[in-house]
Amino acid sequence: MHFLYNLLKFIVDDFSIMSFWFWTCLAAFAVIYYTVGKRLRVQWILLLLASLFFYRANCSTKLMLWMLVPVCLTYLVALVINNLQGLRRSLLLFCAVAASVAFLVYFKERNFFIVTHNALACVFNFGHWEKVNIAAPLGISYLILMLVSYTLDVSWGLVKPQKNPLKFLLYVIYFPITTSGPITRYVEVENQLFAEHNFDYDRFCFGVQRVVWGMFKKMIVADRIGLIVGTIYGNWENYTGFTLAIGLLAYTLQVYTDFSGCIDMALGASQILGINLPENFRQPFFSSSLSEIWRRWHMTLGFWVKDYILYPMLKSRLIQQFSNFLKTRLGKKNRYAKLIPTWCGMLVVWFTVGFWHGGSWKYIFGGGLFFFIMIAGGQLLEPLFAWLIRIMRIRTETASWRLFHRLRTFFLFAVAVSFQRAPSFKTGLCMWKRVFVEFNPWIFVDGTLFNIGLDAKDFFVLLFGGMIMLFVELGEHGNKAESISMRRWIAGQNIAFRWIIYLGLVFSIIIFGMYGPDYNAKSFIYAGF
Amino acid sequence: MADRSKIENLAKCSMFLIFFVILFWFCNKVFILKRNDGITPMQNFYAQKQNTVDVLFCGPSLMGELGMDELWYDYGIAGYNLWGSGEPFWNCYFGLKEALKSQKPRVVVLEVSPASYQFEYSDNTGQLVNTQGMKFGKNFLDAIRVSTPKEKYLELFFGIQTFHWRFKELSRDDFLHFTWIQDCITDKGSFHYYHNNAKMDLTDISSIVEFKNLYPKAEEYLRLFIEYAQQRKIQVLLIKTPSINRMAEAPFYNCVSKIADEYGVKFIDTNRVSDEIGFELDDSADGGHINVRGMWKCTSYIGNVLRNEYNVPDRRGEKQYISYEKYTEKCHKKHIVEMKDKKGYAAEVLRSTQKPYLDLYVPIYFSSYNYNAPVFVRCGLSEPDNDFSWTDRRFLRMVCNFPKNCMGKDLKAKYNLAQIFNGNQRIIVYVNNSRVFDKKLSNGENLEFHFSLPADSVTAHIMLEFPNLLNNDKKNALAIKNVVFTE
């Protein structure tokens with residue numbers, strides 16, 4: 001018993017999704033899950049216990065109890081809401097959603113209000129508030145969005161409320177998704193989480209492969225880019241021109257490889273246990289427009305804001321009345337009569353997306369409003385662009401045009417995201433200003449690239465890792481309907497070739513991965529949001 | 001049908017795991033740091049023919065300097081030096097247990113410097129190098145358990161966690177450290193110092209009789225070491241090689257002497273028999289370790305004791321011991337090369353001529369451990385290709401000694417800062433605590449500053465500060481080349 005206690009204590013010290021113990025325990029858990037769990041028909045209970053253990057290992061008991069507050073509230077509201085009618089129902093729904101959001105704001109975004117208050121205080125000359133940094137329950141941002149989606153889905157009659165509180169708790173804290181999502185709706189996992197799963201060799205192998213692929217992205221690519229980004233952002237006053245631009249643009253690649261790597265690991269871990277979670281990325285950098293990139297990047301968040309903010313807003317009485325008013329004034333066929341109400345909804349959506357990423361203007365701008373400006377601006381200027389294309393006789397069906405669109409989209413997206421890493425919105429602007437104070441193309445040939453965080457060998461490893469990722473993404477991009485086409489393609493090859501690929505991937509992580517006592521590869525960027 | 005598929009899948013998984021383990025073992029072997037202060041002596045020990053080692057030497061680097069080549073050459077004694085970096089008694093103990101799996105030595109010689117250690121665990125380097133040479137097994141696991149706090153078990157268990165960074169510096173030599181490789185068989189563990197940077201402490205300590213208790217863990221494993229050897233019917237000889245600070249350490253060795261008496265084991269404290277051995281001031285490499293001259297004297301003394309008091313046989317001419325012949329020949333060739341080596345040669349010249357030099361100690365960052373590398377640089381005679389790097393230190397301190405005729409003069413220092421990561425760096429230079437330089441410099445730019453040497457001193461304390469160096473960036477590196485001081 002004492003040994004077991006000591007072992008558990010030891011494991012709890014480091015049980016993040018990047019830890020050795022997490023994956024060792026998952027392997028042991030999978031064995032128990034498919035043997036004892038299946039035989040006794042208690043797989044979901046085992047999942048709940050594992051999730052509670054994971055949550056407790058990564059979060060204090062106090063915060064864990066805090067997490068239970070909105071969970072219990074949502075559970076109870078969902079049970080009673082359909083028994084109510086009219087104003088009482090609307091009021092309860094509003095209160096439940098507002099309470100969950102208030103909970104999120106209290107733990108994650110309260111400094112935004114303090115900073116805003118202090119800014120106003122400077123103008124109107126009243127007292128300042130001190131910034132407060134408090135620890136938040138693990139994955140609170142994701143958890144609250146899931147609770148809100150559940151509450152609204154139940155109230156809209158899309159799902160039946162879960163009567164078993166333990167099952168509901170499992171949905172909320174299912175361990176693969178607590179770190180960084182994906183934001184999973186109840187309807188997507190309801191039938192899988194509580195069902196019995198037989199061991200499926202192919203599914204298990206695919207799950208393991210996905211985990212390894214996620215680690216490859218995170219440990220070989222993302223963390224190496226992180227060194228460049230850290231160097232440039234840490235000393236941005238010392239850099240100008242292309243050097244600074246590389247650091248600013250590289251941050252987006254870091255976020256993508258880091259976040260999608262984490263999601264791959266989460267999805268893979270879940271697949272090992274027989275539960276398929278929704279995809280969160282679909283080759284976002286092959287997008288031709290900003291609106292498209294948001295249909296491919298953090299897809300579950302995109303769907304969430306669309307389904308629970310944008311569409312309800314557009315269907316709301318206020319927006320409908322406004323739309324009718326514009327149609328009467330501007331004419332039914334006027335494009336602006338349609339666009340302006342949509343922009344109102346989009347403005348709220350993008351503000352929310354930015355705000356969700358962090359209670360600061362750099363997030364609100366970089367994570368949201370910038371996209372609103374670009375998308376709305378693009379729609380506004382669409383006739384002008386169409387005219388330019390026509391008079392310049394540009395052939396829009398060519399590969400070069402598509403490539404141009406993709407590069408342009410990536411650049412605009414990266415500009416916005418770069419603000420999120422800057423210490424403040426103002427600093428972000430200063431950094432971009434410094435990009436244009438010097439034209440220094442020689443940095444590509446004089447060895448400077450090997451002096452911005454990575455030496456030549458690391459740089460080539462990064463390039464090699466990036467090329468493999470690009471190869472895989474290109475392969476999967478060509479086959480949109482099948483998100484695991486590359487894995488299926490490999491599975492169709494001869495065993496020797498397959499194993500060379502698998503072992504090559506595993507050992508490239510062991511050798512080239514950024515881990516070990518010199519490096520902390522445990523934190524994910526999106527775990528902080 | 002379903003059962004067949006299950007068996008097939010199980011077979012596939014097993015085969016895959018076997019391939020994985022073989023490759024993992026191979027990677028571990030290739031990537032492990034080939035350090036001769038703990039790792040390679042253990043690795044090469046496994047390559048020795050069974051039951052050919054008559055005397056096993058265990059202990060820290062102070063033991064490593066005893067020459068197995070000289071022992072063979074002068075006495076025909078087949079010894080193996082199984083030493084480690086600052087190896088504490090617990091690592092010696094597990095090393096002994098591991099060694100006795102394949103060898104049956106007549107005598108085990110233990111160097112007792114660790115008696116003065118006052119810690120529960122060695123530093124990171126010690127923990128790593130004193131365990132990683134071992135093969136996987138109970139002793140390896142026990143050694144990890146005892147050598148490191150529990151939060152670092154995994155780090156030592158999977159050594160590749162620390163060593164995988166070496167993909168940047170792998171060389172041909174890294175692929176040649178397998179037990180069947182001839183070079184491993186003809187290695188007997190010893191390491192020789194050829195320089196002489198400090199005088200040996202020859203203080204008379206015959207009057208010191210007081211005792212200081214050993215650190216409990218050190219005493220526990222010293223006793224375990226002796227008891228284990230005695231259980232296996234192996235004679236034990238405890239020795240203490242010359243100390244850095246005889247006066248301060250003597251009480252600990254008096255305590256060791258008492259413990260040795262308890263077990264009926266001989267203890268030789270060379271600090272007390274210096275005259276008998278014939279030590280001189282110049283026999284030390286750095287104050288703590290003896291150099292080749294000291295080694296010849298010390299080994300000869302120990303060899304005599306082993307021959308006369310322990311009856312260790314002369315194996316010269318025996319077919320099984322051909323590897324000792326080769327080893328001795330190799331060492332003798334190396335002595336000749338090293339003594340003519342520019343570094344040793346330069347050191348000799350400078351020592352005798354007392355010309356200006358800069359003795360630069362730079363913390364070299366390598367993977368998870370730091371160690372100080374003494375780098376010898378003098379006016380106009382620089383060490384080429386000495387690249388130093390460090391991790392979280394923003395300061396580089398140097399003590400520069402100049403000739404007497406420089407006292408009170410204005411001097412100019414010119415450093416070629418070959419490589420500073422993180423682009424331009426602000427550099428502040430202090431000489432004897434006065435700021436003489438504060439400016440941003442870019443890569444490859446020369447750092448030049450003037451300073452005056454005090455009228456009554458030949459020493460200048462120079463400190464370079466890099467205020468913008470990121471603490472968390474492990475890749476910061478600085479390379480200084482061609483340091484030149486001129487009037």
Side-chain angles (χ1 to χ4, degrees), chain A residues 6-7 9-10 13-14 19-21 24 199-202 204-205 208 226-228 230-240 243-244 443 446-448 450-458 460-461 495 498-500 502-504 506-520, chain B residues 5-6 8-10 12-13 15-16 19-20 22-24 26-28 30-31 124 128 150-170 365-369 391 419-426 440 442-444 468-477:
Chain A
N6 277 338
L7 184 70
K9 223 171 119 188
F10 184 48
D13 279 349
D14 179 14
S19 69
F20 168 82
W21 287 113
T24 311
F199 179 77
D200 181 328
Y201 177 75
D202 291 336
F204 177 82
C205 288
V208 174
L227 288 179
I228 299 178
T231 304
I232 303 253
Y233 273 86
N235 288 296
W236 64 272
E237 301 99 326
N238 293 338
Y239 298 105
T240 52
T243 326
L244 190 54
I443 63 134
D446 71 352
T448 306
F450 303 139
N451 284 323
I452 49 171
L454 293 182
D455 59 22
K457 283 179 182 165
D458 266 327
F460 288 120
V461 171
I495 194 163
R498 280 200 322 257
W499 283 15
I500 287 171
Y502 299 153
L503 287 170
V506 170
F507 279 93
S508 60
I509 295 169
I510 291 174
I511 295 167
F512 303 119
M514 308 280 280
Y515 69 98
D518 302 326
Y519 193 77
N520 174 17
Chain B
S5 161
K6 270 185 193 172
E8 250 180 45
N9 290 338
L10 198 67
K12 271 197 272 182
C13 284
M15 278 304 292
F16 187 84
F19 275 118
F20 176 83
I22 292 170
L23 274 174
F24 192 79
F26 179 77
C27 282
N28 245 324
V30 170
F31 280 87
N124 286 352
L128 205 68
K150 66 175 181 180
E151 57 271 18
K152 286 181 70 188
Y153 284 174
L154 276 182
E155 205 178 291
L156 295 194
F157 185 76
F158 295 113
I160 202 160
Q161 273 199 76
T162 307
F163 300 128
H164 70 109
W165 279 100
R166 296 196 64 236
F167 74 86
K168 293 180 183 180
E169 56 160 45
L170 286 185
Y365 182 78
F366 189 84
S367 213
S368 70
Y369 33 84
T391 156
Q419 193 180 34
I420 309 167
F421 284 7
N422 286 338
N424 302 339
Q425 275 288 352
R426 183 174 157 213
K440 264 186 189 174
S442 58
N443 297 340
N468 297 335
L469 213 57
L470 287 181
N471 263 337
N472 57 358
D473 191 341
K474 306 284 186 192
K475 302 308 295 173
N476 292 321

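Convention: sequence-line order gives letters A, B, ...; per-chain numbering from 1.
- In this structure, the portion of A:Ile495 lying under 4.5 Å from any heavy atom of chain B is its side chain and not its backbone.
- Each of B:Phe20, B:Phe26, B:Phe19 was scored for a ring pair (Phe, Tyr, Trp, His ring centres under 6.0 Å) with A:Phe507, with one residue passing: B:Phe20.
- Two residues are said to be in side-chain contact when any heavy atoms from C-beta on lie closer than 4.5 Å; A:Trp499 and B:Lys12 meet this criterion.
- Under the 4.5 Å side-chain criterion, counting only non-hydrogen atoms from C-beta, A:Phe512 is not in contact with B:Lys168.
- The line from OG1 of A:Thr24 to CG of B:Leu154 is 7.5 Å long, rounded to the nearest 0.5 Å.
- Considering OH of A:Tyr515 and CD1 of B:Ile160, their distance stands at 5.5 Å, rounded to 0.5 Å.
- Residue B:Asn9 holds its CG atom at 7.5 Å from CZ of A:Phe199, rounded to the nearest 0.5 Å.
- If you measure heavy-atom distances from B:Phe24 to chain A, the contacts under 4.5 Å come from both the backbone and the side chain.
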